Amino acid sequence: QVQLVESGGGSVQTGGSLRLSCAASGSISSINAMAWYRQAPIVQVPGKGRELVASIDSSGMTHYLDSVKGRFTISRDNAKTTMYLQMNSLKPEDTAVYYCNADDASHRLIGSWGRGTQVTVSS
C-alpha cells in the first residue's frame, strides 16, 4: 500500500497559479503511474465523482484532461516519491479538492485516498 499526502492548495483569483505536491511513502517501488484527480464541490460522495486531471507514467508520458491542456503541467521526481501539478491560468471551474493516487504495473490503484488539497479560484 502507498500513502499519499497532498499539499499546495489555496485560494487565487482567475488567471492565478498554484503548484500542488503529492508525497508518496510506503510501497513506492510498486508505483507505475501517478495521477491527479479532482472532485468539484457539488459532488460530496467519497470515491465517486472524481475526474482524472492528469497522469504521468514511469516513462514520463503524460495525459491531461482536455480542459486543462496547455494550462497544467504534471511532473514527478525520479525517485517516484513526489509528484507535482503546476496549474497556471486558473479558472473558477478548476475549483475542487485535488487528490493524487498511484497505480501499479497492472494499472490497479494502490494508493490510499488522502484528505486532498482544496483549490479555490474566484472570478
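The figures that follow rest on heavy atoms only: side chains count, while hydrogens, waters and symmetry mates do not. It should be emphasised that the depicted structure is a prediction, and the values quoted were computed from it without experimental measurement.
Note: Ile74 CD1 to Met61 CE = 13.5 Å, rounded to the nearest 0.5 Å. The CZ atom of Arg50 sits 12.5 Å away from the CH2 atom of Trp36 when rounded to the nearest 0.5 Å. Separating the CZ atom in Arg19 from the OG atom in Ser75 is a distance of 6.0 Å, to the nearest 0.5 Å. Going from atom SG of Cys22 over to atom CD of Glu6 covers 5.5 Å, rounded to the nearest 0.5 Å. Taken from OG in Ser112 to CD in Gln3, the straight-line distance is 5.5 Å, to the nearest 0.5 Å. Atom OG of Ser21 and atom CE of Met83 lie 9.5 Å apart (nearest 0.5 Å).
Between Asn32 and Ser58, the shortest heavy-atom distance links the atoms OD1-OG, 3.2 Å. Residues Ala96 and Arg38 share a closest heavy-atom pair of CB-CB, 3.8 Å. Pairing each heavy atom of Val2 with each of Ser27, the nearest pair is CG2-O, 3.5 Å.
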TODO: May I have the step-by-step check of side-chain contact (heavy atoms from CB on, under 4.5 Å) for Val119 and Leu18, ending in yes or no?
DONE: CA-CA 8 Å; Val119 171; Leu18 287 172; 3.9 Å; yes
- [ ] Report the C-alpha separation of Leu20 and Phe72 in whole Å, then their side-chain angles, then the decisive distance to 0.1 Å, and conclude whether the side-chain contact (heavy atoms from CB on, under 4.5 Å) test is met.
- [x] CA-CA 11 Å; Leu20 306 184; Phe72 291 10; over 6 Å; no
TODO: Take Arg115 and Tyr99, measure what side-chain contact (heavy atoms from CB on, under 4.5 Å) needs, and give me the verdict at the end.
DONE: CA-CA 7 Å; Arg115 297 173 63 87; Tyr99 303 86; over 6 Å; no
Task: side-chain contact (heavy atoms from CB on, under 4.5 Å) assessment of Thr73 paired with Leu85 - done: CA-CA 6 Å; Thr73 303; Leu85 186 67; over 6 Å; no
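The backbone N or O of Ala33 lies less than 3.5 Å from no partner atom in the side chain of Asp57, so there is not a single donor-acceptor pair. Here the side chain of Asp104 pairs no donor or acceptor atom with the backbone of Ile31 at under 3.5 angstrom. One N or O on the side chain of Thr95 and one on the backbone of Val121 form a donor-acceptor pair closer than 3.5 Å. With Thr120 contributing its side chain and Ser11 its backbone, the two residues share no donor-acceptor pair below 3.5 Å. Of the possible donor and acceptor atoms, one in the side chain of Thr14 sits under 3.5 Å from a partner among the backbone N and O of Ser122.
Using a 4.5 Å heavy-atom cutoff, the side chains of Gln118 and Tyr98 are not in contact.
Checking Val53, Leu65, Leu52 one by one against Tyr37, the side chain to side chain contact (heavy atoms under 4.5 Å, CB included) holds for a single residue, Leu52.
Between Asp94 and Lys91 no salt bridge is recorded (no basic side-chain N to carboxylate O distance below 4.0 Å).
Between the side chains of Ser17 and Asn88, at least one donor-acceptor pair of N or O atoms lies under 3.5 Å.
Counting heavy atoms of neighbouring residues, nucleotides and ligands inside a 6.0 Å radius, atom CD of Gln86 exceeds 12 of them.
Both the sub-6.0 Å distance and the 45° axial angle are not jointly satisfied by Arg76 relative to the ring of Tyr84.
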